[in-house]
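Just so we're on the same page: letters track the sequence lines, and every chain starts at 1.
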Protein chains: 2
Amino acid sequence: MLRPTRQSNRDNSAALASKPIKTGPRVYEEIRRMAMDYRFKPNERINEVALAARLNVSRSPIREALQRLVTEELITFQTNRGFFCRGFDVDEVVNLSDVRAVLEERSVRLAIQRATHEELAALVDWWTLTMARADSFSSAELTARDEEFHIRIARLSGNPELVRMLEGINTRIHFVRKIEVEKHRRLSTTYTEHSEIAQAMVARDADRAARLMHDHIDISVADAMSTVREGLARIYIDVDQI
Amino acid sequence: MLRPTRQSNRDNSAALASKPIKTGPRVYEEIRRMAMDYRFKPNERINEVALAARLNVSRSPIREALQRLVTEELITFQTNRGFFCRGFDVDEVVNLSDVRAVLEERSVRLAIQRATHEELAALVDWWTLTMARADSFSSAELTARDEEFHIRIARLSGNPELVRMLEGINTRIHFVRKIEVEKHRRLSTTYTEHSEIAQAMVARDADRAARLMHDHIDISVADAMSTVREGLARIYIDVDQI
DNA sequence: TCAGTCCGAATTGTCGACAATAGAAACGGC
DNA sequence: GCCGTTTCTATTGTCGACAATTCGGACTGA
């Protein structure tokens, strides 16, 4: 019997996924998303053939994507044993927050040095607008806005490496951050901190802005523990994944 | 004609490379090293089949390794066009140094907070010993010691993420750092700065240690430019690669 | 001379096949 | 009944093949 041509295969997957993106990048993005959201259980072994079947591709693009995610610390790898989901523990969250605080402080200071008044004013306006619409956003959307706020500042720093590293951290703490956002929401805590930071930046008050930023990011170990605890519950309770 | 069995292939490569490591990791390490040392010319397109032939493996492990190096920023990738060597420019060096300075300051401060007296004393001793033997080291070895000094401090910080990020930066600036080491050597500049830093750490003088560290890392744009210039010359003159 | 177009060669993207390895299950001795 | 083997099965590591795409150069018509 003739093996099916490749083209027909392609059409199949396209019909199912309904995404016109080249499979390579698509697969990477998809797995990345799964890892970010802990769709794999912590430390769970990832079966390549199963994943390949799920995404309608062969193992090659899967493995390439996974390897890439390994250096992003979203996935773990052991020779001859395969790929595993990263763990999920408090220490990591705390350590990343510490690094993040330092990097974001630097971002703020550089941005104050280098950004124009218009750019900083635009930041304030954008966040004000975002806050006004906050209620209409889903938690996911709000989390994205939160991340964007920080990344915008990093961009204004003029140092792409700063942006890159913070983005790396963001993808790793995305899950806990989303939980934090929802916590805030439940408590009706408003995001005034972001506004204060942005305003201090417009006023070119570097020390104040840096301090605000630091306090904003710095989380107590207790808070981190409680958030991680909720995260674990969520990971192991939500079984609504096919 | 029968295609050669896989086993024979393996034996072949093993005989040539004389390394008993599993090919996957080996290939990764090898390419990584090449990228670190700019054995690929900046922005040069990397031919997968050629590289595969060179390392006596098929394209699969090559591509996996390359993908991994992409997220390490040692390699660039464009869909359907393949992999490229990263560029080599001053801005990147300057930006990385800026980030590095911040992270290393944090490392120093945390290490002073958390390391024991014995650990810090050991750091001083180790560097003193290293300095005593400095003349017997090759530039490569000396560069490795330099990197190790900083990584040791990061380890003492107790924050593995700090270590990881600094290691990432180190691999990217390895090439320029080696040139700097050689410059220092030509000028007979001794590495007293490291000793001073370590001593300040033993004395638990956080501010002084942090300031010393910052000044040690912070390079002027002019210096960076001159180093990059020399690096470029070296990349394009040394043709001693098969 | 130059821009555009077309063709052929080179290169990448993905696949299925199979060997090597790890993991699990059956087995047997104690 | 339990622990150490042995066998069998599931999974990973690597390969060669081939389609899809890009690249470079020849050709053409101004």
Report task. Go through B/Phe83 and B/Leu69 one step at a time and tell me if the side-chain contact (heavy atoms from CB on, under 4.5 Å) criterion holds. Result -> CA-CA 10 Å; B/Phe83 299 90; B/Leu69 293 167; over 6 Å; no
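When rounded to the nearest whole Å, the span between OH of B/Tyr28 and P of D/dG13 equals 16 Å. In this structure, the CD atom of A/Glu48 is 15 Å from the P atom of C/dA22, given to the nearest Å. Going from atom CD of B/Glu64 over to atom P of C/dT12 covers 16 Å, rounded to whole Å. The distance from atom CZ of A/Arg63 to atom C1' of D/dC15 is 12 Å, rounded to the nearest whole Å. In this structure, the CZ atom of B/Arg59 is 15 Å from the P atom of C/dA10, given to the nearest Å. Atom CG in B/Leu55 sits roughly 15 Å away from atom C1' in D/dC15 (whole-Å rounding). As a whole-Å value, the separation of B/Gln78 CD from C/dT11 C1' is 14 Å. Rounded to an integer number of Å, the gap from B/Leu66 CG to C/dT14 P is 15 Å.
Within 4.0 Å of B/Phe83, counting heavy atoms only, lies no atom of the nucleic acid at all. Residue A/Arg45 is in sugar-phosphate contact alone, with no base atom involved, counting any heavy-atom pair closer than 4.0 Å across all strands shown. No engagement by A/Ile62 is indicated, since no non-hydrogen atom pair under 4.0 Å with the nucleic acid exists.
By the 4.0 Å N-to-carboxylate-O rule, A/Arg26 lies too far from A/Glu29 to be salt-bridged with it. Between B/Glu105 and A/Arg106 there is no salt bridge, since no side-chain N of the basic residue sits under 4.0 Å from a carboxylate O of the acidic one.
When distances run from any side-chain atom of B/Ser60 to the nucleotides D/dC18, D/dT12, D/dC15, the shortest one goes to D/dC15.
The minimum heavy-atom distance linking B/Trp126 with B/Arg145 is given by the pair CH2-O, 3.6 Å.
Remark: B/Ser58 is not in phosphate contact with D/dT14, judged by side-chain N or O atoms under 4.0 Å from OP1 or OP2.
Residue order along DNA chain C, read from the 5' end via each residue's closest nucleotide, puts B/Asn47 first among B/Asn47 and A/Pro61.
In this structure, A/Arg45 is not positioned above the aromatic face of A/Phe40 in the sense of NZ or CZ being under 6.0 Å from the six-membered ring centre and within 45° of the axis.
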